[in-house]
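Fair warning: this is a prediction, and the values are worked out from it, not measured in the lab. Convention: sequence-line order gives letters A, B, ...; per-chain numbering from 1.
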Protein chains: 2
Amino acid sequence: MAKNLKSIQRREREREELREQILDVAMSILTKEGYEAVTIRRIADEVEYTPGALYSYFGDKEEIIFALVVRASKKLNALFLSLEEALPHPLERLWATGRAYMRFAMEHPVEYDLMFIMSAPIQKMAECDFNETHTAFRLLRKTVEECMKQGFLPRADADAAAFAMWSFVHGSVSLMIRKRLAAIPEEKYDDVLQGAFNFLMNAMMPRHQEQPIITPSAPKVLAKKKIGKK
Amino acid sequence: MAKNLKSIQRREREREELREQILDVAMSILTKEGYEAVTIRRIADEVEYTPGALYSYFGDKEEIIFALVVRASKKLNALFLSLEEALPHPLERLWATGRAYMRFAMEHPVEYDLMFIMSAPIQKMAECDFNETHTAFRLLRKTVEECMKQGFLPRADADAAAFAMWSFVHGSVSLMIRKRLAAIPEEKYDDVLQGAFNFLMNAMMPRHQEQPIITPSAPKVLAKKKIGKK
DNA sequence: AAGTAAATTAAACAATGTTCAATTTTTATT
DNA sequence: AATAAAAATTGAACATTGTTTAATTTACTT
């Protein structure tokens, strides 16, 4: 009767490990080969199980995708929270948050797509009360409110203002990620992104300090320079 | 040898009609039941043909989806062009274009999704030199340039400014269409949208005239009335 | 060692996009 | 009007997909 607690704990841990491995593999396939390549059989292959086995770890495919969304959201939220405590000055924090958001999207387009663009996981997102983006938005609104109180932003409905800023950053990166910018050549993406960000921020607060979104020390640019000069 | 021109023309016309009918049916299913319901067999059923028959009208399913994108784009572009010639004043035109864009998206979310969010048709969009959005962007940039020249907007890179504005409107409507706004209750969507639009426009041009995006007398309501009268 | 519970498999199912030989329908020629 | 040629359409098949379930293997408890 007194079941061995150790072994049941270990089994639980092993289950959790396989669960994580499934997600690792799914994310890896998604990143390397795109959504249509993410297949139950393909994942099962790579974790060396049978397709049916996955169904004792996840209810269905959508649940796997949703788990990837949760993962990505925690990553992004951690980033926001670190800025929250590192930058007490609200205006500075607002800027930094905007830049960080865009940088995250450009450097992790697949994760961004999962969280904010894809339609695949929205069923599960509606079912579960998934409040990661909810808390992120509250953080942004709080920052906006502080900026307004301290005179850095024109006073207005904080919900509307926060939504406006979020809309801009989301709009710009999602147009790029989903390649809806035929009018702009791809090599100018970084510049236009930077220019648009500065244009809007300048309009809202004329006295800001412009800072690069994608810094010169970022991997991409460095790589290009090296190739170009040689 | 001298083939009957009349009959070949008629056959051509009949082919074109079926092509259009296929697209009508596909769009109708997409609108009513969502993307996963749009199936070759389902379309074939509704046009009373066999699944294989559709393949002599479209190369593959993606080509059908892409044709829907083309249709929607023509509709939106016609809207932009009508504003272009109706409103010579650039600032007025800029405002009206922004509002029209948002209204179009909120009233035709499926069409908007096809054009600017979905990943399904992007392969074909890249292959064909599909320049509808390209010309729309040029129109916007021209308007922005005129606004700058006449002092309604701060002088800056027109590409960046136009992109900034497009990013904002796209971002706001696509967050709503893809239901990524857990933080905001659905019944407040219209208000927040309006508030955000005004906040941003106010910031860029302090002396503007606020106008509703979704008016109480919007086409939706009118259309319903008309149908009712008949 | 035996028995029980959990995990895993193997095989099947229905539905998907797509292809292609066979057949029907339409058009052109005699 | 009959027949040959061409075009359009079908019907049946394929390979894949997500998912289910009875059977089997594995792990654990007694």
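- In terms of position on DNA chain D, the residue among Glu14(A) and Glu48(B) whose nearest nucleotide sits closer to the 5' end is Glu48(B).
- Picking from dT19(D), dT18(C), dT9(C) the nucleotide with the shortest atom distance to the side chain of Thr50(A) gives dT9(C).
- Judged purely by atom type and a 3.5 angstrom limit, Glu33(B) has no side-chain atom pairing as donor or acceptor with the backbone of Val38(B).
- Between Lys61(B) atom NZ and dT16(D) atom P the separation is 18 Å, expressed in whole Å.
- Atom pair Arg42(A):CZ and dG18(D):C1' shows a separation of 17 Å (rounding to whole Å applied).
- Glu16(A) places its CD atom 13 Å from the P atom of dA7(C), with the value rounded to the nearest Å.
- Taking atom CG of residue Asp45(A) and atom C1' of nucleotide dT9(C), one finds them 14 Å apart after rounding to whole Å.
- Atom C1' of nucleotide dA7(D) and atom CZ of Arg10(B) are separated by 12 Å, given to the nearest angstrom.
- Atom OH of Tyr55(A) is separated from atom P of dA12(C) by 18 Å (rounded to the nearest Å).
- Geometrically, Arg99(A) does not engage Phe197(A) in a cation-pi contact, judged by NZ or CZ lying under 6.0 Å from the ring centre and within 45° of the ring axis.
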Dump the intermediate steps for ring pair (Phe, Tyr, Trp, His ring centres under 6.0 Å) on Phe163(A) and Tyr189(B), then the final yes or no.
CA-CA 11 Å; Phe163(A) 175 67; Tyr189(B) 274 15; 8.1 Å; no
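- Cation-pi geometry between Arg178(A) and Phe116(B) is not satisfied (NZ or CZ under 6.0 Å from the ring centre, within 45° of the ring normal).
- Relative to the ring axis of Tyr35(B), Lys61(B) places its NZ or CZ within 45° and under 6.0 Å from the centre.
- In this structure, Thr39(B) reaches the dT16(C) phosphate: one of its side-chain N or O atoms is under 4.0 Å from OP1 or OP2.
- Here dT16(C) presents its P atom at 18 Å from CD1 of Ile40(A), a figure rounded to the nearest Å.
- Listed pair Arg41(B) / dT16(C) fails the phosphate criterion, with no side-chain N or O lying under 4.0 Å from OP1 or OP2.
- Between Tyr57(A) and dT8(C) there is a side-chain polar atom (N or O) within less than 4.0 angstrom of OP1 or OP2.
- Checking dT10(D), dA27(D), dT19(D) against every side-chain atom of Ala53(B), the shortest atom distance belongs to dT10(D).
- When distances are taken from the side chain of Ser56(B) to each of dA7(C), dG17(C), dT9(D), the shortest belongs to dT9(D).
- The side chain of Tyr49(B) places no N or O atom within less than 4.0 Å of a non-bridging phosphate oxygen (OP1 or OP2) of dA8(D).
- The interatomic distance linking Leu54(B) (CG) with dA8(D) (C1') rounds to 13 Å, in whole Å.
- Contact annotation: Arg11(B) side-chain N/O to dT26(C) OP1/OP2 distance is not under 4.0 Å.
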